[in-house]
Asker: 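Questions regarding the structure given below will be posed in turn.
Here the structure is a predicted model, which means the values were calculated and not measured. Letters A, B, ... mirror the listed sequences (proteins, then strands); counts begin at 1.
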Amino acid sequence: MAQKPSIPKGTRDFNAEQVAKRSYIMDTIKRQFQLYGFQPIETPSFENSETLMGKYGEEGDRLIFKILNSGEYLNKVSDNDYNSKSEVQITPKISEKALRYDLTVPFARYVVQHQNDIVFPFKRYQIQAVWRADRPQKGRFREFYQCDADVVGSKSLLQEVEFVQLYDAVFTTLKLNGTTIKINNRKILSGIAEVIGAQDKLIDFTVALDKLDKIGEEKVKAEMLNKGIPDDGITKLQPLFSLKGDFGDQVDGLKSILNTSEIGLKGIEELEFIDTAISNLGLKSAKLQLDVTLARGLNYYTGAIFEVSAPEGVKMGSIGGGGRYDDLTSIFGKPDTSGVGISFGLDRIYLVLEELKLFPNTIADATKVLFINFGEKEAMVCLNAVTKLRAEGIKAELYPDTVKMKKQMTYANRRQIPYVVLVGEQELESKTFTLKQMETGEQKLLTLQDLVSELY
RNA sequence: GUGGUUGUAGCUCAGUUGGUUAGAGCGCUGGUUUGUGGUACCAGAUGUCGUGGGUUCGAGUCCCAUCUUCCACCCCA
């Protein structure tokens with residue numbers, strides 16, 4: 001194994017079993033998307049750089065995979081730029097395309113580009129790979145799949161309500177019980193920032209607040225202070241840190257903080273609407289939880305923010321996220337088109353299902369019957385039977401070589417093929433087939449007709 | 001992008017202060033059983049010790065670089 005080949009960091013190969021498990025998740029999500037009225041689209045793996053750059057903040061730009069131009073790309077770089085060694089200067093000159101970083105921004109581009117052909121409100125789903133030049137960790141890859149569903153062209157909060165139901169429906173179908181759908185609202189965060197006099201530091205404020213769970217109250221306050229949020233403002237936040245209880249209690253607490261903020265109160269109103277609707281409709285296995293510290297995600301969200309966490313005890317980042325963005329298409333020249341959407345993290349859901357052993361064991365859709373190869377003559381008879389079985393939709397195969405039976409049986413075992421058929425001299429003479437069930441060892445002598453109906 | 005961690009047979013790992021031919025379990029191949037597998041018993045093969053340099057009489061073991069893995073930041077699915 002001198003020069004063992006390898007694949008780039010953060011990428012993976014998938015074997016047959018893994019592919020089957022991934023399709024199981026994808027098919028489940030797809031079925032629910034369709035039940036909720038979403039239509040599939042696909043977009044290219046790579047986009048023009050200007051479509052993607054600047055949409056995810058400075059941090060995001062750094063994580064976008066850029067594609068080197070073809071040909072004599074260095075000719076376009078002036079000596080001045082070349083000598084500057086500044087990537088900000090040079091990158092746009094040598095790279096005009098980039099791999100997509102998520103599915104939402106390409107979707108926004110799609111909506112604007114095809115706006116005259118689209119019927120609004122437009123409900124689309126999209127299941128494709130995205131790429132990030134991130135440093136890999138568990139559940140964190142450089143190539144991974146997102147499963148997105150979005151609606152554009154409707155401001156109705158009923159969409160948010162339906163997305164909560166959709167999350168619940170998918171995770172319930174996957175038998176992943178105990179997920180928590182956390183919800184927050186950007187307007188509330190804006191309201192709080194307004195009240196404490198930090199409107200211009202909304203991002204810093206939310207990033208710090210988001211860490212409350214992780215690093216605790218004191219460190220969050222320290223970070224806010226560090227970022228230039230006024231001391232007396234942080235004092236006003238005190239009730240926020242002690243928010244407890246159910247949805248209603250937390251909302252009451254928020255109201256006391258936000259009573260002077262119009263936008264904040266609007267956010268609360270939206271949250272209450274969603275909560276009330278969901279309470280009436282009921283959820284099957286997930287629970288909806290207000291989490292005012294929830295602030296992660298792209299900063300293009302303007303209303304509801306969602307994040308789904310795995311059941312307690314599973315160490316995994318969020319397995320889904322989403323929210324409302326009122327202005328995403330305006331960056332591509334189409335204002336006043338409100339959108340809201342959610343995303344499922346396929347690869348993380350996979351890891352969670354694996355850890356909790358929730359994949360059905362019938363998932364490996366393997367061959368049902370293997371014909372043992374005794375020789376040329378026998379093989380021809382077998383091939384005839386195999387053809388007939390396949391015509392009936394039964395997965396059948398003939399072992400290609402006339403080798404020791406032990407080897408052929410072992411092959412059936414390793415491939416987890418439940419039945420084998422033996423056709424030797426005796427069967428050849430009597431025009432019959434010996435069907436053996438591998439698990440029980442039980443054998444039956446059958447005609448071709450009976451063999452087909454037995455395996456059907 | 002910052003700091004740390006990991007890499008030995010197909011897999012999981014052991015390998016003593018640097019010292020001769022690098023080990024175990026599982027798996028694999030063959031046999032006991034040339035028309036019956038999963039159990040048992042017997043026999044066998046595995047490797048440029050992640051890669052490239054360096055120190056040394058001598059390196060799996062020490063040093064440097066690089067790639068990979070995982071972790072904490074950052075950010076996020």
Asker: In whole angstrom, give me the gap between the P atoms of rA14(B) and rU29(B).
Answerer: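 These two P atoms come out 27 Å apart once rounded.
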Asker: What's the OH-C1' distance between Y300(A) and rC75(B), to the nearest Å?
Answerer: 14 Å
Asker: Can you work out whether Q146(A) or G10(A) has the more 5'-proximal nearest nucleotide on RNA chain B?
Answerer: G10(A)
Asker: Does any pair with a residue in residues 407-456 of chain A pass ring-ring contact (aromatic ring centres under 6.0 Å, His included), and if so which ones, sequence neighbours excluded?
Answerer: Y399(A)-Y411(A)
Asker: Nearest-Å distance, CZ (R142(A)) to C1' (rC70(B))?
Answerer: 15 Å
Asker: Taking atom C1' of rA77(B) as reference, at what distance in whole Å does atom OH of Y56(A) sit?
Answerer: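 After rounding, the reported distance stands at 13 Å.
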Asker: Could you summarise the pairing of RNA chain B as dot-bracket text, marking Watson-Crick and G-U pairs under 3.5 Å with ( ) or [ ] inside the strand and | across strands?
Answerer: ((((..(..((((.....[...)))).(((((.......))))).....(((((..]....))))))..))))....
Asker: Atom CD of E223(A) to atom P of rC73(B): distance rounded to whole Å?
Answerer: 12 Å
Asker: Heavy atoms under 4.0 Å, any strand shown: does S318(A) hit a base, just sugar-phosphate, or nothing?
Answerer: sugar-phosphate
Asker: Expressed in whole Å, how much space separates the P atoms belonging to rU48(B) and rG60(B)?
Answerer: 13 Å
Asker: Roughly how far apart, to the nearest Å, are rC63(B) and rC11(B) at atom C1'?
Answerer: 32 Å
Asker: Taking the six-membered ring for Trp and the single ring otherwise, decide whether the centroids of Y36(A) and F163(A) are under 6.0 Å apart.
Answerer: no
Asker: Given the C1' atoms of rA65(B) and rA9(B), what is the spacing between them in whole Å?
Answerer: 27 Å
Asker: Measure distances between side-chain N and O atoms of R135(A) and base N and O atoms of rU69(B), and say whether any donor-acceptor pair falls under 3.5 Å.
Answerer: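 Check fails, no donor-acceptor contact within cut-off.
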Asker: I want to check something: taking the side chain as every heavy atom from C-beta on, are F205(A) and L237(A) in contact at a cut-off of under 4.5 Å?
Answerer: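 With C-beta onward as the side chain, the pair touches.
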Asker: For D347(A), is there an ion pair with R12(A) - N to carboxylate O distance below 4.0 angstrom?
Answerer: yes
Asker: For rA22(B) and rC71(B), measure between their P atoms and round to the nearest Å.
Answerer: 35 Å
Asker: Return the set of residues passing side chain to side chain contact (heavy atoms under 4.5 Å, CB included) with K9(A) (not counting sequence neighbours), or none when no residue passes.
Answerer: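 By the side chain to side chain contact (heavy atoms under 4.5 Å, CB included) rule, K9(A) matches P136(A), R142(A).
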Asker: rG7(B) and rC74(B): how far apart are their C1' atoms, nearest whole angstrom?
Answerer: 26 Å
Asker: Are R124(A) and F107(A) in a cation-pi setup, meaning NZ or CZ lies under 6.0 angstrom from the ring centre and within 45 degrees of the ring axis?
Answerer: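 Yes, cation above the ring, under 6.0 Å and within 45°.
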Asker: Is the NZ or CZ atom of R324(A) both under 6.0 Å from the centre of the six-membered ring of Y301(A) and within 45° of that ring's axis?
Answerer: no
Asker: Quick one, give me the B/S/- string for nucleotides 29-37 of chain B, reading 5' to 3', where B means a protein heavy atom under 4.0 Å from the base and S means that only happens at the primed atoms, P, OP1 or OP2.
Answerer: -SSB--BBB
Asker: Write down the distance separating the C1' atoms in rA77(B) and rU66(B), rounded off to the nearest Å.
Answerer: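 Per the computed distance, 30 Å lies between those C1' atoms.
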Asker: To the nearest Å, give me how far apart NZ (K219(A)) and P (rA72(B)) are.
Answerer: 15 Å
Asker: rC74(B) C1' sits how many Å from D134(A) CG, rounded?
Answerer: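 To the nearest whole Å, that distance equals 9 Å.
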Asker: Could you say whether Q137(A) or P8(A) is positioned toward the 5' end of RNA chain B, judged by the nucleotide with the nearest heavy atom to each?
Answerer: P8(A)
Asker: Whole-Å distance between rA77(B) P and F306(A) CZ?
Answerer: 14 Å
Asker: Would F344(A) count as stacked on rA77(B) if the rule is ring centres under 5.5 Å and plane angle under 30°?
Answerer: no
Asker: Decide if the gap between the ring center of Y56(A) and the ring center of Y101(A) is smaller than 6.0 angstrom.
Answerer: yes
Asker: Between P on rC75(B) and OH on Y101(A), what's the gap in Å once rounded to a whole number?
Answerer: 11 Å
Asker: Could you tell me which residues satisfy salt bridge (charged side-chain N to carboxylate O under 4.0 Å, His left out) with E217(A), sequence neighbours excluded, listed by chain and number?
Answerer: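 Scan of E217(A) (salt bridge (charged side-chain N to carboxylate O under 4.0 Å, His left out), adjacent residues dropped) gives K221(A).
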Asker: For F344(A), what residues pass the ring pair (Phe, Tyr, Trp, His ring centres under 6.0 Å) criterion, not counting sequence neighbours?
Answerer: F33(A), Y167(A), F171(A)
Asker: Measuring only the P atom in each nucleotide, how far is rU5(B) from rG30(B)? A whole number of Å is fine.
Answerer: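 These two P atoms come out 45 Å apart once rounded.
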Asker: Side chains of Y325(A) and D150(A): is there a donor and an acceptor less than 3.5 Å apart?
Answerer: yes
